[in-house]
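Here's the structure, in structure tokens; my notes come after.
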Amino acid sequence: MQGKALPGFRDFYPEDLTLRNHIFATWRSVAARYGFEEYDGPPLEALDLYTRKSGEEIEQQLYSFRDKGDRDVALRPEMTPTLARMVAARGQALKKPIRWFSIPQLFRYERQQRGRLKEHFQLNMDIIGETSALADAELIAAAIDIMRAFAFGPGDFKVRMSDRRVLRTLLLGYDIREDSLQQAFAMLDKTGKDEEWVTWQLGGAYTGSGQTSRPIPRRSLIGLEPVSELLSSLPGGGHAIEPLRETVATLTTMGLGDFVEVDLTIVRGLAYYTGIVFELFDTQHKLRAIAGGGRYDGLLKAAGGPDLPALGFGMGDVVLSELLKERGVAPKASIELGAFLIAVGGDDMPLVLKLAHAMRDRGIAVEYGLRHAGVRKQLELAAARGAPRAVIIGPEERQAGLAVVRDLNAGTEAKVPLDKLLNGYFD
RNA sequence: GUGGCUGUAGCUCAAUUGGUUAGAGCGCCGGACUGUGGCUCCGGAGGUUGCGGGUUCAAUCCCCGUCAGCCACCCCA
């Protein structure tokens, strides 16, 4: 068992690459529909691009090393710092809001498991320079429509959304101290699906009242109405819920309401999110999150860029591939031949070559046997290559100026004048 | 990074209490079939049993180490 790719890295055989290309094509198609422009950056960056502000979570899993010029470098673990740098460099010149997408290959150093490798491709869609909740809805709609473009429906996946501003108001209202919010977020994130009550084991030191915080019934964190009700009793609650309410309303107006549910136990691991955060899950909840993102208004400035509001999401190819394979969504073959040409004898080969080249010049994909063999063998090969028809040329056909066109699916045959074939017609 | 389970042909799996030349199906190549594919039949290639060491007359099987995969934790994309 030698000659395998490094652990956590993938070889893409033709059938694998066919699926990957299908995914990329769908991503690009929907992104274009939403008016997003594609950009890219280098896969290798200076290490300090990530150690500065991206969040310590990512730092410990960086695929980093020192290069031959004694520079500390890292394979990019995420696209946002690169995006921030690129926007910063041209910030003044770019018309806002900026709508950009990219499909970078991202890396991290950690032990692999199903759906988590050392490398993956991830669609990144970002909107920069817009605070309106319409922007949040736009981005979530794009994520939903990508899944719809893969033929997934409301029964297959859901978007669960929350809002850091709501969470913050909620926790402060429940006497969690400001400097303990991140810890409280983390506990909320880990809340099990079957737990009835959400509690914070922070102890008196972390709550404003000096007492252990009150538990919250889990059911009041799920759904827009229960959450609204919960917030209405807290100081500033009515104001804090507005962006979330507006985003949900916008998505509902678009007709995407069936895909969305409010769930305040969605937090997202990254520290830099400031507003709405969301994740896409398969409804069976067998796999990891399909996609995730949110609003990160302070990040560009913190990363040394312009002070612009921003939001974005990432969707990886690994979990998505698993889902597509599980649903048996078969992508088309990587090649689609128009015909397979067959020379009955060696004397027929020149005409086959001439015909093949004429057809290829007309944009028709054709193949022929590269080694002389019997007709039976060549038909076998034609079928194996997935050709819809075989064009058979033998001495009799050459004599009559015809060729036998055999439909390999139906098993029927017709004689077609060579002139027609040379001009790219099979009948 | 921690712990558990598992490693036999390209794939899915066999191989008496440790026993002689490690088998089968599928796939691949060839033949029956030198002008007609999918079926059938026949044949062939393909293994240092993940790797290294130990116990034993003898190891695919038992022990240790290591690597890899899967699962959980951690964490996240």
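A note on names: the letters A, B, ... follow the listed sequences, proteins ahead of strands, and every chain is numbered from 1.
The residues Arg148(A) and Asp258(A) are annotated as not salt-bridged, no charged nitrogen and carboxylate oxygen being separated by less than 4.0 angstrom. Between Arg295(A) and Asp136(A) a salt bridge is recorded (basic side-chain N to carboxylate O distance below 4.0 Å). Between Asp72(A) and Arg66(A) a salt bridge is recorded (basic side-chain N to carboxylate O distance below 4.0 Å). For Glu119(A) and Arg10(A), the salt-bridge test passes: some basic side-chain N is under 4.0 Å from an acidic carboxylate O.
Spacing between rA58(B) and rU6(B) at atom P, rounded to whole Å, works out to 27 Å. The C1' atoms of rC73(B) and rG54(B) are separated by 33 Å, rounded to the nearest whole Å. When the P atom is used for both rU12(B) and rG7(B), the distance is 13 Å, rounded to whole Å. Taking atom C1' in both rA32(B) and rU49(B), one finds a spacing of 36 Å when rounded to whole Å. With both ends at atom P, the span from rC29(B) to rG38(B) equals 14 Å, rounded to whole Å. Rounded to whole Å, the P atom of rU56(B) lies 24 Å from the corresponding atom of rU16(B). Taking atom P on both nucleotides, rG25(B) is separated from rG18(B) by 29 Å, rounded to a whole Å. Taking atom C1' on both rA24(B) and rC51(B), the two are 27 Å apart, rounded to the nearest angstrom.
Judged purely by atom type and a 3.5 angstrom limit, Asp263(A) has no side-chain atom pairing as donor or acceptor with the backbone of Glu261(A).
For the pair Tyr50(A) OH and rC76(B) P, the computed distance is 18 Å after rounding to whole Å. One can place CE of Met79(A) at 22 Å from P of rC76(B), the figure rounded to the nearest angstrom. Atom C1' of nucleotide rA68(B) and atom CZ of Phe9(A) are separated by 15 Å, given to the nearest angstrom. Distance NZ (Lys118(A)) to C1' (rA68(B)): 11 Å, rounded to an integer number of Å. Distance CG (Leu6(A)) to P (rC67(B)): 15 Å, rounded to an integer number of Å. The distance from atom CZ of Phe281(A) to atom C1' of rC76(B) is 12 Å, rounded to the nearest whole Å. Per the geometry, CD1 belonging to Ile342(A) stands 15 Å off C1' belonging to rU34(B), to the nearest Å. As rounded to whole Å, 13 Å separates atom P of rC76(B) from atom CG of Leu62(A).
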Can you name the atoms? Protein N/O to nucleotides 37-40 of chain B N/O, anything below 3.5 Å, with the distance.
from    : atom 1 : to        : atom 2 : distance (Å)
rG37(B) : OP1    : Arg376(A) : NH1    : 2.8
rG37(B) : OP1    : Arg376(A) : NH2    : 3.2
rG37(B) : N7     : Arg406(A) : NE     : 3.4
rG37(B) : N7     : Arg406(A) : NH2    : 2.9
rG37(B) : O6     : Leu408(A) : O      : 3.1
rG37(B) : N1     : Leu408(A) : O      : 2.2
rG37(B) : N2     : Leu408(A) : O      : 3.2
rG38(B) : N1     : Leu408(A) : O      : 3.2

Mind listing the N/O atom pairs, protein and nucleotides 2-7 of chain B, below 3.5 Å?
from   : atom 1 : to        : atom 2 : distance (Å)
rU2(B) : O4     : Arg111(A) : NH1    : 3.2

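You'll find a donor-acceptor pair under 3.5 Å spanning the side chain of Glu413(A) and the base of rU36(B), going by distance alone.
Note that CG of Leu62(A) is 6.0 Å distant from CG of Leu47(A), once rounded to the nearest 0.5 Å.
With Phe281(A) as the aromatic partner, Arg160(A) meets the cation-pi criteria of under 6.0 angstrom to the ring centre and within 45 degrees of the ring axis. A cation-pi arrangement is absent between Lys118(A) and Phe107(A) under the rule of less than 6.0 angstrom and at most 45 degrees off the ring axis.
When both pairing distances are held under 3.5 Å, rG43(B) makes a Watson-Crick or G-U pair with rC29(B). Across all strands shown, rU34(B) forms no Watson-Crick or G-U wobble pair with both key distances under 3.5 Å. Across all strands shown, rU49(B) remains unpaired; no Watson-Crick or G-U wobble contact has both distances below 3.5 Å. Using the Watson-Crick or G-U wobble rule with both distances under 3.5 Å, rA24(B) pairs with rU12(B). Base pairing annotation: rC73(B) forms a Watson-Crick or G-U wobble pair with rG1(B), both donor-acceptor distances under 3.5 Å.
Between Gln113(A) and the phosphate of rA72(B), there is a side-chain N or O to OP1/OP2 separation shorter than 4.0 Å.
The stretch residues 112-140 of chain A participates, sequence neighbours left out, in these ring-ring contact (aromatic ring centres under 6.0 Å, His included) pairs: Phe24(A)-Phe121(A).
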Enumerate, atom names and distances included, each donor-acceptor pair closer than 3.5 Å involving a side-chain atom of residues 417-427 of chain A, sequence neighbours excluded.
from      : atom 1 : to        : atom 2 : distance (Å)
Lys420(A) : NZ     : Asp427(A) : O      : 3.3
Asn423(A) : OD1    : Arg362(A) : NH2    : 3.3
Asn423(A) : ND2    : Asp419(A) : O      : 3.0

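Residues satisfying the side chain to side chain donor-acceptor pair (under 3.5 Å) test with Arg71(A), not counting sequence neighbours, are Asp67(A).
Within residues 392-401 of chain A, the residues that place at least one heavy atom under 4.0 Å from RNA chain B are, in residue-number order, Ile392(A), Gly394(A), Pro395(A), Glu396(A), Glu397(A).
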- request: Check the pair Lys96(A), Glu130(A) against salt bridge (Lys or Arg N to Asp or Glu O under 4.0 Å), reporting the backbone distance first and the verdict last.
  value: CA-CA 7 Å; Lys96(A) 317 304 182 292; Glu130(A) 183 53 66; over 6 Å; no

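Residues Arg371(A) and His120(A) each lie close to RNA chain B; by heavy-atom proximity, the contact nearer the 5' end of the strand is made by Arg371(A).
At the heavy-atom level, Ile290(A) lies nowhere under 4.0 Å from the strands shown.
Classification of the Tyr39(A)-Trp100(A) ring pair by plane angle, with boundaries at 30° and 60°, yields tilted.
Heavy-atom minimum distance, Pro243(A) versus Ile276(A): O-CD1, 3.8 Å.
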